[in-house]
Amino acid sequence: MKTNSDTALTFTVAAALIAGVTLGSSGSNVMPVFVDDFADRFDLSSTSAGLVAASQLTAVAITTLLLANRAARPGRVRMARGGLALAAAGFIGAAIAFDILTLIVAGLLLGAGLGAVYAASTAALAGAGDDADKTSSITITGALFASALLLLAFPAVNESAGGGTGFFLLAVCCLPGWFLVGHLPDGPGPASSPSATAPNAASRSARPSAVLLVGAGLLMAVTQGVWSYASVLGRGHTGMSASVLSAVLAVSSVVALAGAVAGPLAVKRFGRLRSMTGFVVVEALSSGLLIVTHSPTLFIATAVIWQTCQLAVLVQILAAASVIDSTGRWVAALSGAGALGGGIGPLAVGAIMDNMGVGVLSVLLTAGTLIAALPLLQMTVAGDAAADTASVTPHPQATPVARTTTEKPASPAE
C-alpha cells in the first residue's frame, strides 16, 4: 500500500522505529518470562500473576490511547524519550520490589512510560516510507528479533544473578533506546506540506470507530492472554523447564517472522481480504490447540504457526491504518486499544484457567479470535479502497488564467 509520507525509510529511521516499538511493546512481548518471575518470586497463583500483568499492560494501553492524538503532532522524539526515562525507573522498581503491592506500583510506572514510547513509535510508522506494508513489515521483523533476544536474556540473568534482576537489564536497554528514538519521523505540523489537500485534512479529523477499537482490543486480549501463559502452560503440560521454554518461545518468535514477510506477499497474490481471513482462521485454531496439547513437538509447532499468522495479520492491520490516516492517529489509537485488550487478556485467561479449565479456555479463545477479526477485516477493505482512490487521483495542476479581452499582451518595448 502506498502512503503520502514525506520521510524516507532510511536505516536510521528504521532503527528508530524498531527500537521504539521493541521497547514500547516489551511489557507485552516479554510477558511470559515476566509472569514466571512474578509467580516464582512472590509465590502467586495464576489469577494473582494475571492481575500484576494486567495492571502493567493496562497502564501501557491507557497511556497509549490518551497520547494517540498528541502523537499525531510534532514532538514524538520528546515524548518517546520522556517515556523511556519513566520506564527505566519502573524497571528498577520492579527489580527491587519486596511485595506484590510495590511490584504493581512499579508495573504501573513502567507501563505509563512504555505507553508513551509506544504511542510515539506506532504513530511514526505512518510517517515513514512510501509503502505502508514494507514499513510495517521491517519494523515488526526487527522488533521481534530484538524481543526474542530479550526473551532469552531475561531468564538467563535471573538464573545467574537472582530473581528480579532481569528488570535491571531492561532498564539498561532504555539508554541506547534514548539515542535511537531521536530519529523518529515527527508528526505533521499545521502546514506540514504545501501540497496538503482537503481530503488529507478530512482524514486527519476522522477517528477509528468504537467497534473497530473493540475488535482490536479483543484480538489482542486473546493474543496476549495466550502469550502471557505460554511458558506456564508449556511447563505444566509438556514438562519442559523454564529455561528450555524461554528458548523455545524465543526461537519460535524468530521463525514466525516469516509471517511479517508472508503477509504482504499473500496480499499481492490473493488480495487483502482473502489472505487476512485465511491467516485469522489458522491463528484461531492454532491458539486453541496450543494451550491444550501435552506434546512438546506439537506445542512447538503450534507456537510457530500461531505466531506466524498473528504477525501476518498485524502487518496488514498496521498497513491499512497507515493508509487510511497518514498522520498516525489511527495506528496509535488501534495500538492503544490493542494494548488495553492485552492488559485485560492475562487477567481473564488466568481467571478462566483457575475456574473453568483449559478446555473451556481453548474454545473461548478460538471463538474470540474469529469474532474480534470481523471489524478489522472490514477496515482492511476500506484501506484498500483508500489506496486505490489515492492511486488514481491526479495531482493538482495549475489552472491557466484566461486573458480577458481588455488585456493587451505586453510589447517587447515594455
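Treat the numbers as computed from the prediction; the structure is a model and nothing was measured. By convention here, the first residue in the shown sequence is residue 1.
The distance from the OG1 atom of Thr165 to the CD atom of Glu159 is 10.0 Å, given to the nearest 0.5 Å. Atoms CG and CG, on Leu212 and Leu374 in that order, are 12.0 Å from each other to the nearest 0.5 Å. Atom CG of Leu219 is separated from atom CD of Gln224 by 11.5 Å, given to the nearest 0.5 angstrom. Distance check: Gln56 CD to Ile104 CD1 gives 11.0 Å after rounding to the nearest 0.5 Å. Within the model, atoms CZ of Phe154 and OG of Ser147 stand 13.5 Å from one another, a figure rounded to the nearest 0.5 Å. Taking OG1 of Thr223 as the start and CH2 of Trp306 as the end, the distance is 6.0 Å to the nearest 0.5 Å.
Proximity of a side-chain donor or acceptor of Ser287 to a complementary backbone N or O of Ala284 within less than 3.5 Å is detected. At least one donor-acceptor pair under 3.5 Å links the side chain of Ser137 to the backbone N or O of Ala260. At distances below 3.5 Å, not a single donor-acceptor pair connects side-chain atoms of Thr58 with backbone N or O atoms of Ser55. Between the side chain of His237 and the main chain of Ile291, a donor-acceptor pair closer than 3.5 Å is present. The closest donor-acceptor contact from the side chain of Thr22 to the backbone of Ala19 lies at 3.5 Å or more, if one exists at all. Side-chain N or O atoms of Thr139 include none that pairs as donor or acceptor with a backbone N or O of Ser136 at under 3.5 Å. Distance alone, capped at 3.5 Å, places no donor-acceptor pair between the Ser48 side chain and the Leu44 backbone. Looking only at distances, no side-chain donor or acceptor of Ser335 sits under 3.5 Å from a matching main-chain atom of Thr122. Side-chain atoms of Ser362 come within 3.5 Å of backbone atoms of Gly288 as a donor-acceptor pair (strictly under, hydrogens ignored). Using modelled atom types, one side-chain atom of Asn158 and one backbone atom of Gly166 make a donor-acceptor pair closer than 3.5 Å.
Between the side chains of Thr293 and Ser295, no donor-acceptor pair of N or O atoms lies under 3.5 Å.
The minimum heavy-atom distance linking Ala112 with Ala59 is given by the pair N-CB, 3.9 Å. The heavy-atom pair separating Ala94 from Ala106 by the smallest distance is N-CB, 3.3 Å. The two residues Ala266 and Phe279 have their closest heavy-atom pair at CB-CE1, 3.9 Å.
Side-chain contact between Leu314 and Leu318 is present, with at least one heavy-atom pair separated by less than 4.5 Å.
Salt bridge status for Asp325 with Arg329: absent, with no side-chain N to carboxylate O gap under 4.0 Å.
No more than 12 heavy atoms of other residues, nucleotides or ligands sit less than 6.0 Å from atom CG of Asp43.
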If you look only at distance, which donor and acceptor atoms sit under 3.5 Å apart when one is on a side chain in residues 344-356 and the other is two or more places apart or in another chain?
from: Asp354; atom 1: OD2; to: Thr47; atom 2: N; distance (Å): 3.1
from: Asp354; atom 1: OD2; to: Thr47; atom 2: OG1; distance (Å): 2.4
from: Asn355; atom 1: ND2; to: Ala351; atom 2: O; distance (Å): 2.7

